[in-house]
Trainee: 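Mind having a look at this structure? Questions to follow.
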Amino acid sequence: MKCKLLCAFLLGALMLRAEDATVTPPPAETNTPSVTLENADARTKLMVERIKLQGEAMNLQQQIQNAPLDPKNTSEEIEALRKEIDALQNEVNQKRGEVIKKVRELPTIKALQTKDKEIQERVKTITAELDKLPAER
């Protein structure tokens, strides 16, 4: 969708450019050679074709990039690799859990946990005190 919108926008810009190119400025105002309609049309056609091809290439690149995630693209070898990836991810998650558990046992982290609990208790106490006070109007 974005590609089609981009192509339409660029096509419109190119068409405007082609219209602008047909206006030949007076020779006294510029030192650049004038652009003829025939040259502008050929250039515009090439630019439009290039934009269409770039859009098509972008769509193909997205399909290629997403292909490994699509379960339709499979074989016995690919499924074996996917199972291996799943097993490795499970192992990584398990190791990550072990690291978290060990880090939480460190004295500095235990001190942070204690401080956090104290703060949470203080917040509860203040909340209870606020609830007992009459509401302001």
Side-chain angles (χ1 to χ4, degrees):
M1 179 69 182
K2 283 195 265 185
C3 182
K4 289 180 183 178
L5 184 60
L6 177 64
C7 287
F9 173 76
L10 291 174
L11 180 59
L14 288 173
M15 294 176 88
L16 285 174
R17 179 185 165 140
E19 289 175 13
D20 290 344
T22 61
V23 178
T24 306
E29 294 179 15
T30 182
N31 293 332
T32 59
S34 62
V35 178
T36 64
L37 182 58
E38 294 79 26
N39 290 344
D41 281 343
R43 181 173 175 80
T44 301
K45 286 178 186 178
L46 287 174
M47 291 174 82
V48 168
E49 182 180 358
R50 181 178 68 180
I51 290 170
K52 287 180 182 178
L53 290 173
Q54 286 173 329
E56 188 177 335
M58 188 184 309
N59 287 337
L60 292 171
Q61 290 166 3
Q62 286 175 343
Q63 288 177 15
I64 292 166
Q65 186 175 1
N66 293 331
L69 305 174
D70 189 346
K72 293 186 294 185
N73 302 319
T74 192
S75 69
E76 287 183 22
E77 183 182 8
I78 292 170
E79 286 306 310
L81 288 170
R82 286 181 175 151
K83 285 181 183 178
E84 187 177 343
I85 288 170
D86 287 342
L88 290 170
Q89 286 176 335
N90 288 337
E91 187 176 342
V92 166
N93 289 336
Q94 182 181 358
K95 295 293 182 186
R96 185 175 287 123
E98 291 175 22
V99 168
I100 290 170
K101 185 177 178 181
K102 295 228 180 252
V103 166
R104 287 184 178 162
E105 293 172 4
L106 294 172
T108 54
I109 303 305
K110 285 195 177 254
L112 292 175
Q113 290 173 330
T114 301
K115 187 174 182 176
D116 178 54
K117 286 180 185 177
E118 291 170 358
I119 290 172
Q120 294 295 334
E121 287 299 319
R122 181 66 181 137
V123 167
K124 285 181 187 177
T125 303
I126 292 172
T127 301
E129 289 176 26
L130 287 171
D131 288 343
K132 292 178 184 176
L133 295 175
E136 293 183 16
R137 291 191 183 212

Trainee: Could you check whether any side-chain N or O of Asn73 sits under 3.5 Å from a backbone N or O of Pro68, counting only pairs where one atom can act as donor and the other as acceptor?
Mentor: no
Trainee: Going by the rule side-chain contact (heavy atoms from CB on, under 4.5 Å), which residues pair with Ile85 if we only count those two or more places apart in sequence or in a different chain?
Mentor: Gln89
Trainee: Given a cutoff of under 4.5 Å between side-chain heavy atoms of I, L, V, M, F, W and Y, with clusters grown through shared members, what are the other residues clustered with Ile119?
Mentor: Val123
Trainee: Under the side-chain contact (heavy atoms from CB on, under 4.5 Å) rule, collect the residues that match up with Gln120, sequence neighbours excluded.
Mentor: Asp116
Trainee: Taking only residues two or more places apart in sequence or in another chain, which ones pass side-chain hydrogen bond (donor to acceptor under 3.5 Å, both in side chains) with Asn93?
Mentor: Arg96
Trainee: Please name all residues satisfying side-chain hydrogen bond (donor to acceptor under 3.5 Å, both in side chains) with Arg122, sequence neighbours left out, ordered by chain then number.
Mentor: none
Trainee: Which residues pass the side-chain hydrogen bond (donor to acceptor under 3.5 Å, both in side chains) test with Gln62, not counting sequence neighbours?
Mentor: none
Trainee: Identify, with sequence neighbours excluded, every residue that meets salt bridge (Lys or Arg N to Asp or Glu O under 4.0 Å) alongside Asp70.
Mentor: Lys72
Trainee: Linking Ile, Leu, Val, Met, Phe, Trp and Tyr through side-chain heavy atoms less than 4.5 Å apart, which residues share a cluster with Leu88?
Mentor: none
Trainee: Pairs under 3.5 angstrom only: tabulate donor-acceptor contacts from the side chains of residues 103-113 to other protein residues two or more places apart or in another chain.
Mentor:
none

Trainee: Which residues pass the side-chain contact (heavy atoms from CB on, under 4.5 Å) test with Glu98, sequence neighbours left out?
Mentor: Gln94, Lys95
Trainee: Checking Thr114 now: which residues fulfil side-chain contact (heavy atoms from CB on, under 4.5 Å) with it, not counting sequence neighbours?
Mentor: Glu118
